[in-house]
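Note that ligands are numbered from 1 as they come in the structure, with each ligand's atoms numbered from 1 the same way.
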Amino acid sequence: MTLPRFIRVLALSALGLGCALADQPAPYGPVPTKQQVDWLRMEWYAFVHFSLNTYTNKEWGYGDESPTLFNPARFNAQAIADTFKQAGMTGMIYTAKHHDGWCAWPTRSTDHSIKKSPWKNGKGDVVKEFAEACKKAGIKFGTYLSPWDRNCAEYGRDGYRKVYYKQIEELLKNYGPIFEIWFDGANGGDGYYGGARENRNIGNADTYYDYAQVVKNIRRLQPDCIIWGASQRGDVVWGGSEKGFVKYPLWNNKGKSWISLEGDTPINHAGWFWHPGQDGRVKSPDDLMKVYLSSVGRGATLILNVAPNRDGVLDAADVESLLTFGAARQQLLANDYALGAKTRTSESRSKEFDGSKLTDGDIESFWCPKDGTKTGDVEIKLKKVSTFDVIRIREQIRLGQRVESFKVEAKVNGKWTTIIEPWSSGEETGLNVRGGKGATIGAQVLRWLPEPVTTDHLRLTITSAKACPCISEFSVLRMPTMLPRPTISRVGDKVTITTNGSYDIHYTTDGSTPNADSEKYKGEFTYDGHNAIKAVYVNPDDGSVGPVATINPGYSKAKWESEAAAAHDDNPQTHWEKNSVPASFVVDMKESRQIAAFSYLPRQDGQTVGMTDQYKLELSKDGKNWSEVAEGEFSNLRANPVELKVNITPQDARYFRFTSRRALDGKASSVAEISMFPEEESANDKEGLSDKKKKGKKAKKDKKKGKKNKKGKKGKKNKNK
Ligand code: FUL
């Protein structure tokens, strides 16, 4: 149905197209709000998880942690916000309250807050400091308020709703504009709950929280605030993995509403909160580029978590990776070879919608054929022959999302060659970052070609759309050279590092940072020590050194014996599984070791069955007398199945027994890898000290060594709750 012209003009003005063009097509399907469009254009922003968990080495606090733990000696909100700005991020979202219920602002809703923390004598307010710092840095501020509250006695009952609503109101009334509010999907389960220490289930979250009402309240308090989650009643939903990737093809049309997607991931593989010894686990700049292309480059946004440490500052390793990626992203987007290029279209509805709108650098103007024409092409003649490897295309989403498949060709040596194949309905596009097919476009699609292409003549063909396509931009970009990071693996005592034809590999096994003078990798080597193994690629042409790859394998497992070999075969892809919970296995390490930490890697095959969420670890010198050294929870495995490390009071043992006390999804227990670590690597981090303090502390520690060893021998139990 074609609407009368004046109604269309009116409708489009309301959609934000301003002086809407008379001959524009009618919107198709649900359209985004102005707020959603502005938010999609923010592209990427930071997530900041910083609370009591930072001090307890946990991903989810149980709710009984003491607020006195929060005392960051050097917290500097401005330095953090400035770093994000420098990276090119457009905002940050802070976890004002995580599942443990501790509030980082002086709320009136509970005593479990920063008022009880020694930091600034209980007069501090992290939310306020971040909000002000963001304003000063020129980025937007948002907040995460966990619906699940493992501290509150009323959680799961009617009383909690009042507490929760009060918290939303405080955050939205007192801290200036909030660009996005996050309601996590994790809800219910074990918790402290005011001392009840029980399992509480809330049933249907939508009904329990009355999200319809919550959304209404938010719209009233801050109409421009983007709402994440809230049982799909908000503006944006989870991208589907905590790897930052979102599915593709990506449709924003959910029934009658436009719902956007947000890819989320922590920059550090250690988790959402800061963890001791995490500096070797940061994602490299080229990993971050892949995450960016798989979220923003598919039409979503990216929220990238960078967690402050116990001092309240960002780890240098995280910052380096973030800024290096940020600079590469800016370089990628800085130069569009198609800008001002001449175009020729198969059909345009009028001069105002001709092909030139694709290359005019104006994100609002667009090319569009006549109503009813759902396919078409545009030839683009660049100003000069260029070499490129990334194509960016944008739809004019204010008029709805339309394109379901497209193709891009380049004329090379006088012949048209397809450089992006069209997607066919039902086809799996997978998570391939390079060489993916052309399906949906939406806010934007960024396609990294398998190889660079050199030409001055391209053709975009819309092969299928739900209504006449409205394409606002076609850009031709070049990925900056980013040295990747090698992959190191140790199986038994044999170490291998992935080679790359273009670069040399240099490595160390003493924990030091490798450079071009370090040992050159010539193939598999033997290493049975327990230091970190580090490696870098070095470009032989100019001597440049890439990001450092680190593995912390812990004690060699080459001689270990047990009935659960797959749990210590150094192969993350295999796992031990038993059809019972609880289930245990004993490992004979064949020699006495000082154990100061252990780690658990959940199965990595995409299944969650048997992942251990309640564990116990016992140690023994003789395989007969056992002492329990740790028990607790491995949190958030379902969404983020990464290796989790637990520190214990250091002690000697030859045997360990791992018990899966409770597991996810059914009656089985599973373990991909268990590793054991000596004290050296994490002892200082464990206390959350700055480098400067560490030095002084170390001198003192060396003096006191005799005393400390004695204490260690007592084998004090380290309950993880
Ligand atoms: C998850 C939470 O359970 C994690 O702890 C983290 O906050 C992440 C962003 O969302 O669902």
Query - CA sep, side-chain torsions, deciding dist, call: R150, E633, salt bridge (charged side-chain N to carboxylate O under 4.0 Å, His left out) - result: CA-CA 14 Å; R150 302 173 96 181; E633 174 183 277; 2.7 Å; yes
Query raised in the report: So, R638 and D613, do they make that salt bridge, N to O below 4.0 Å?
Result: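 The answer is no: the pair does not qualify as a salt bridge.
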Ligand-residue contact atoms, ligand 1 with [X], heavy atoms, under 4.0 Å:
X	value
W60	2 (C), 3 (O), 4 (C), 5 (O)
F47	9 (C)
E242	1 (C), 8 (C), 10 (O), 11 (O)

Any idea which protein heavy atom is nearest [atom], and the distance to it?
atom	result
atom 3 (O) of ligand 1	H99 NE2, 2.8 Å
atom 6 (C) of ligand 1	H49 NE2, 3.4 Å
atom 1 (C) of ligand 1	D184 OD2, 3.1 Å
atom 4 (C) of ligand 1	N636 ND2, 3.5 Å

Requested in this report: State, with a plain yes or no, whether a side-chain heavy atom of F325 is found less than 4.5 Å away from one of W44.
Outcome: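 Touching, per the 4.5 Å side-chain cut-off.
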Report task. Would you check if E154 and K162 make a side-chain contact, meaning some heavy-atom pair closer than 4.5 Å? Result ->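 They are not in side-chain contact.
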Query - side chain to side chain donor-acceptor pair (under 3.5 Å): pairs with one or both residues in residues 127-137, sequence neighbours excluded - result: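 Counting only pairs at least two positions apart or across chains, the side chain to side chain donor-acceptor pair (under 3.5 Å) contacts touching residues 127-137 are K120-E129.
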Query raised in the report: Checking side chain to side chain contact (heavy atoms under 4.5 Å, CB included) against Y144, which of V48, D184, L171 comes through?
Result: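 So the option named by the test is D184.
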